[in-house]
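Report on the following structure.
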Amino acid sequence: MSAPTLDLLDLDSSLGEEERQIRAVVRRLVDDRVRPYVADWYERGEVPARELAREFGRLGLLGMHLTGYGCAGSSAVAYGLACLELEAGDSGVRSLVSVQGSLAMYAIWRYGSEEQKQRWLPPMATGEAIGCFGLTEPDHGSDPASMATRARRDGTDWVLTGGKTWITNAPVADVAVIWARAEEGVRGFAVPLDTAGVTTREIRRKMSLRASVTGEIVLDDVRLPADALLPEAAGLRAPLSCLTEARFGIVWGALGAARECLETTLRYATTRTQFGRPLAGFQLTQAKLADMAVEWQKGYLLALHLGRLADAGGLRPEQVSVGKLNNVREALAIARQCRTILGANGVSGEYPVMRHGDNLESVLTYEGTSEIHQLVIGQKLTGVSAFT
Ligand SMILES: Cc1cc2nc3c(=O)[nH]c(=O)nc-3n(C[C@H](O)[C@H](O)[C@H](O)COP(=O)(O)OP(=O)(O)OC[C@H]3O[C@@H](n4cnc5c(N)ncnc54)[C@H](O)[C@@H]3O)c2cc1C
C-alpha cells in the first residue's frame with residue numbers, strides 16, 4: 001500500500017520538469033539498488049562502495065552540480081532532490097555521493113590546477129575513482145584551525161606529516177584532499193592514497209552510518225611533488241567553503257531520512273490494530289503524525305528556498321547553517337517519534353526507522369555539529385563570535 005503524500009502544501013508544484021525527472025530517476029535507482037539490500041549492509045557494517053559509485057557515476061550523480069570534466073551541471077535544487085532520494089535509502093549512501101561530489105570533487109574543481117582537474121574529475125564523475133576529504137583530526141574536530149597536520153617544503157616537493165580521522169570513504173578511496181598547515185597557512189593537497197607513507201585504517205564498531213566506510217589516514221613523512229598542491233586554496237576559508245557545499249546536500253538529505261520514517265509509520269499506523277482500531281485512529285497518534293508532517297513540510301520549504309537562492313547565485317554560509325541545524329534536528333526528532341509509533345517493531349532492522357534515527361546521529365555531528373551552527377547563526381545575529 002502506498003503512503004499518503006506528505007506534500008500537504010503542494011510544494012512539489014514549484015518543481016520544474018527536469019527537477020522532477022532527476023528525482024524520479026534517483027528514486028528508482030534507490031528502489032532497485034539500495035532499498036532491497038541496505039538492511040543487510042547495515043547489519044554487516046559493509047557496503048559495496050565501489051559498485052555503488054560506478055552506478056551513481058553512470059547516472060551522472062557524482063559531482064552533478066559541477067560543470068565540465070564529465071560533470072552534469074545540474075541545478076542546486078536538482079542536486080538537493082537527488083540527495084533527498086538517496087538519503088531516503090540510507091544516510092550512508094548519500095554520504096558516499098556527498099563526500100565524492102561536494103567535498104573531494106568540489107575542492108579539486110574549485111581550487112585545483114587545470115592538470116589536477118583533468119587528472120581527477122573525469123574518473124571521479126564516473127565513479128572509477130573515489131575521493132575523500134581529510135579535515136578532522138584525532139585532537140581537532142570542531143576547531144580545524146588548530147590542526148596539527150603539517151606541510152613543509154623540501155626543494156620543490158612537499159612533505160606531509162600528521163593524521164586525519166573519521167574520514168568518509170578513506171579506506172576505499174583513490175585520492176584524498178588533505179588539509180595541512182604550511183608556513184604560510186592552511187593549504188590543500190590532492191594525495192593519491194597509494195603514495196609511500198600513507199596508510200588508512202577502517203573505523204569499525206560504528207553504531208551509526210554502518211552502510212558507509214569510515215577511516216583514519218596516517219601521513220608519515222609523505223613526499224609529494226609540487227603539483228599535488230591545490231594552488232587556489234589558501235587558508236581555512238577553502239575547506240570551509242567545501243563544507244558549505246556538502247552541508248547544502250545534507251539540508252535536503254535529512255528530509256529523505258525523515259520522509260522514509262514518516263511514510264513507513266503512516267503505513268504501519270493505518271494497518272496495526274490495538275484496542276479494536278488502527279493506531280492511526282487514536283488522537284494521540286494523529287497529534288504526533290500531524291506535528292511531524294508539519295515539521296517535514298517546513299523543512300522542505302526551507303530546503304527549496306535555499307536551493308532557489310543557490311541557483312540564483314546568492315546562498316550564504318549562515319543560511320546553509322540555518323538549514324542544516326533545523327533540518328537535521330527535526331529529522332532526528334521525527335525518526336525518534338516514528339519509532340515510538342512502531343512499538344517493539346520500531347527497534348527492529350526489519351523496518352528502516354531506527355536505522356535512519358541512528359544514522360542521523362552522525363549527520364547531526366558531521367559537517368558542523370548543531371552547536372557549531374548555532375554559533376555561526378549567533379555570530380551573524382549578534383556580531384559577536386562565541387567560538388572560543
Ligand atoms: C560517520 C562520520 C563521518 C565523518 N566524515 C568526515 C569526513 O569525511 N571528513 C572529515 O574531515 N570529517 C568527518 N567527520 C568528522 C566530523 O566532521 C567531526 O566529528 C565533527 O566536526 C565534530 O568534531 P569532533 O567529533 O572532534 O567533536 P568535538 O569538536 O570534540 O566536539 C564535541 C562536542 O563539543 C561541542 N563543541 C565543540 N566546540 C564547541 C564550542 N566552541 N562551543 C560549544 N560546543 C562546542 C560540539 O558541538 C560537540 O557537541 C565524520 C564524522 C562521522 C561521525
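For ligands, and for the atoms within them, numbers begin at 1 and follow the listed sequence.
- Looking at L236 and M147, their side chains come closer than 4.5 Å, going by heavy atoms from C-beta outward.
- Proximity of the aromatic rings of Y69 and W109 is defined here by a centroid distance below 6.0 angstrom, and this criterion is not met.
- In the model, S208 has no side-chain atom that pairs as donor or acceptor with a side-chain atom of D358 under 3.5 Å.
- Applying the ring-ring contact (aromatic ring centres under 6.0 Å, His included) test to H373 and every residue at least two apart in sequence or in another chain returns nothing.
- Residues of the protein with a heavy atom under 4.0 Å from ligand 1 are F133, L135, T136, G141, S142, W166, I167, T168, L209, S362, T365, Y366, E367, T369, E371, L375, F387, listed by chain and number.
- A donor-acceptor pair under 3.5 Å is absent between the side-chain atoms of Q100 and the main chain of A125, judged by distance alone.
- For the residue pair Y79/S102, the side-chain donor-acceptor check at 3.5 Å is satisfied.
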